[in-house]
Amino acid sequence: MPSHDVLVIGAGLAGQRAALAAAEEGVSVGIISKVHPVRSHSNAAQGGINAALNPGDSWESHAFDTIKGSDYLGDQDAVEIMTREAPEEILHLEHLGVTFHRNEEGKLGTRAFGGASAARTYYVADITGQAIMHVLYEQLMKYSEQIARYEEWFCSSLAIDENGECCGVVTRNVADGSMELFQAKSVILCTGGNGMVWKPSTNALICTGDGIAMAYRAGAKLMDMEMIQYHPTTLAGKGFLITEGARGEGAHLLNANGERFMEKYAPNKMELASRDVVSRAEQTEINEGRGFPDGTVALDITVVPKKRVHEALREIVLVGRDFAGVDITREPIHIKPGNHYTMGGVKTDVDGRTDIPGLYSAGETACVSVHGGNRLGANSLLDTLIFGKRSGRDAAARAKRTDYSHISRKVLEDEEAMIADIVSREKGSGRRISEIKLELGQTMDAKVAVFRDEAGITEALEIVRRLKEEAKTAYIDDHGSVFNQDLIAAIELGYMLDNAECTCVAALERKESRGAQYRTDYPERNDEEWLKHIDLELTDDGPEISYSEVTITQWEPQERTY
Amino acid sequence: MADYTIKVRRFQPESGEGPYWEEFNVDLDPSLSVLDGLLQAKDREDGSLAVRCSCRAAICGSCGMKINGQSGLGCKTQIGEAQELADKQASATGSGGEGNSIVIEPMGNMPVIKDLITDMESTHWTKIRRVTPWLLPHGEPPEREYIVEPESMIDITQSMACIQCGACVSSCLSMEADPDFIGPAALAKAYRFVGDPRDAETHERLHDLADDPHGIYDCTHCFSCIDACPKGVAPMDQIMRLRRKAGEEGIEDPNSGHDHEIAFVKIIEKKGTLDESLLLQESFAPGVKGKLKPSKRAIREMLGSIPTAIRGIKTGKMRSLHKLIPGVHPKLPDQDDVKAIYAHAEEHNEEFNLYIKGEEGELAEDDVEKGIERSTDPETSQEVKNG
């Protein structure tokens, strides 16, 4: 049985950063990823990473913007930690070799981003996430003796010992289908978000909420699951992302009448208001008939100097050309709000610890919570790195003071039986996996999106619960061992359905409008009753609701305008 | 919506059978991708059809494959365009007609594991690790950031744009001939460090890549990798920059390629067209012109070239024999214009880099002027300042 002091599940930015931080503490580390690490979805973070590093900027200003952006649902102690540690992390990345944009003096240069009171976003053209992740992967290759990489291994469940502590994971080697039980003293879940629950989504096909579902099934609490971000600028139908950096560089949003409609919704910040605010404004324009016939509004990048577009928005030029047939330097591109980010997730403290001893989580999988009701652009990379690092360190410290506990092989046998059951289902035993996925995605996008109400969410929840039943008999075509992607899709569908159920339950419970949760039947924010987190825990009857306090340090909630 | 037939080269390793072709009929908008077509076939017909994919937006680099024989990303190739190419290829071979099958195969130069899934670890990633792919700075890092030329970061961002999809490796003709060739992706990765002013091992890296018989001089300039790369990394350009830097560092090139390149440049500068009588000599013993003693190595290399020259004469490839006599080759009458081109090129000594210049020729002068006007526009700068 392979064993490592610290086992990291998922190898995007949070996972790679956690693995490197744990290895620095001198413990043995394994990192498991269902895809090759550089395929991870952190790649898609285009615009940049926030830090108050410029003279004249302050962590307090960054923290306040983040808290205001979160609609006061972010925990302020966690936000303080993230914003205070941000400058050091940027410099660390620069020293490792990230090719950050420079100003004329050759120092780190910044761009403006939504919801921020200063230009504090550091970036590499519009491939920031990719650039950082490839540099971290360079470090993983450099430290290959300390960090074992398990590339294209899929995790199907967590192993919990008789004391209720996490002691390992059950995995499947995708390349040959062999099942393996990994032993660990600490396990860190960094498997990203759950965007595939919605269709369309800006997220990659691999973002199926694996870690959130595995932690939930193992008994960990989830938090803020109703908070799902819709990004204001995605391509209609396909869900491709146009970076907020475009608006940071000065691009305008126009309705079909050519009006710069953000004047009405956020007269000060205009296009650079918080994402929830901009997405709602766009959706309102579209719903009230001022959008284009394809259900979109326009993003006009032609107002940005062409040389600047090539230097700083190169990827978007390609996306426009290859995926929309539009030259963004010459004409506006049609966009709409689209599913983008999971603010909620596995409830953790500021060191990544979950309710289950030995189980950690970081990045989009986790909910610390620094993003609360709405994440600011360019804070997600920061979240992955700061809390990846902190959980890696704490997981290593725990590993140093504990021994391997007894791990029962029963958990492996259970998983093997589960897989044997899926593989044995013959065509005609039920629906196809892909059909269920499609129905789930379309339902969630229609009912649990930018605008929500009780009837819609209730209907979505009923559909999700029916789909959960149908998934039990859904069949697959591939009965082999080597790269059985069909089987993995079936297990992922189970993860997605658990994620969807939790989001519906929490969205139904929160009877107010805050951040990304906008209830047309409760259109106001209600601090008296709802300035609290909704926590969910799995019971025999499904998710059980409880509440936890929002930590307020120095920023009392106030009215939120941009 | 339109109907397409995709013809996939399949391989099911557990079946005990060899590779085979299978056709799938799919129905989708022409603007959607070949990958969308494959996923539709997988979703509707056969879930065992194996293809790596994730982002669908040409960012993750999972779906490298050959489409109608050309290496690229499935997600970045529109199915309508793939259809046009399939029809064009069919008419070139005489079979003609419309609605020919779009042919999809796994990437080349790599073992196939299942259907479109190749073993990238044993080829691509092993080669990447070969070039010591991490920054090796000198001493302790500074307290703040390294201060570097802003252009140098934009410059290496072109090779940082690589998503490790393997399309260039798949298309590489040199690697077909020499499987040990370090290859376009790994060498582009190497330039990311060689071109990085923070890296302290530039000379050692260049030496390492030049001394390796499968290193930078193994590339044959075929441009396939530039065509295949979905991200504009232009791996061959990065290899040529490595060669130039190696030349600048005084590293001996076993093929005299660097001197050969300089010989071309100098002869054309002088005469306007290529004086082949000078080329061999200038490549191996530049500036000798019979007055100084050439080095032993130059003599050896020149003697070694004689059989090639004789074969050229015998096969009729070299016809104007009198041109081999030094001094016979004429200068162009408007040689001053050629010199002016050289002067201009030297004055504007810039590398072609998509991150700096956009598409070739796309950035007209008036746009640059407009850009300057706009960036000083008070409203815009105000906005940026206030975020």
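For the numbers below, each heavy atom of this structure counts, side chains included, while hydrogens, waters and symmetry mates do not. Each chain gets a letter, A, B and so on, in the order its sequence line appears, and its residues count up from 1. Just so we're clear, the structure is a prediction, and the values are computed from it rather than from any experiment.
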Do you know which of [options] has the most heavy-atom pairs with chain A at a distance under 4.5 angstrom?
options	answer
B:S15, B:P141, B:P13	B:P141
B:R129, B:Q12, B:M120, B:R44	B:R44
B:G61, B:C55, B:C53	B:G61
B:E81, B:M160, B:E121	B:M160

- Message: salt bridge (Lys or Arg N to Asp or Glu O under 4.0 Å), that's the test. Do A:E138 and B:K189 meet it? Break it down for me.
- Response: CA-CA 11 Å; A:E138 289 166 12; B:K189 183 82 176 171; 2.8 Å; yes
Of the backbone (N, CA, C, O) and the side chain (C-beta and beyond), which part of [X] lies under 4.5 Å from a heavy atom of chain A, both, or neither?
X	result
B:I147	both
B:K114	side chain
B:E145	both

- Under a 4.5 Å heavy-atom cutoff, which of A:E104, A:R120, A:K437, A:K238 has the most pairs with chain B?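 Most pairs with chain B among the choices: A:K238.
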- Query: When rounded to the nearest 0.5 angstrom, what distance separates OG1 in A:T99 from CE in B:M153?
  - Reply: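 Here the interatomic distance stands at 6.5 Å.
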Can you say whether [X] sits under 4.5 Å from chain B via the side chain, the backbone, both, or neither, judging by heavy atoms?
X	result
A:L96	backbone
A:R432	side chain
A:L108	both
A:H41	neither
A:N268	neither
A:Y137	side chain

- Message: For B:W125 and A:H36, take the angle between the two ring planes, folded into 0 to 90°, and tell me which bin it lands in: parallel under 30, tilted 30 to 60, perpendicular over 60.
- Response: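 It falls in the parallel class, under 30°.
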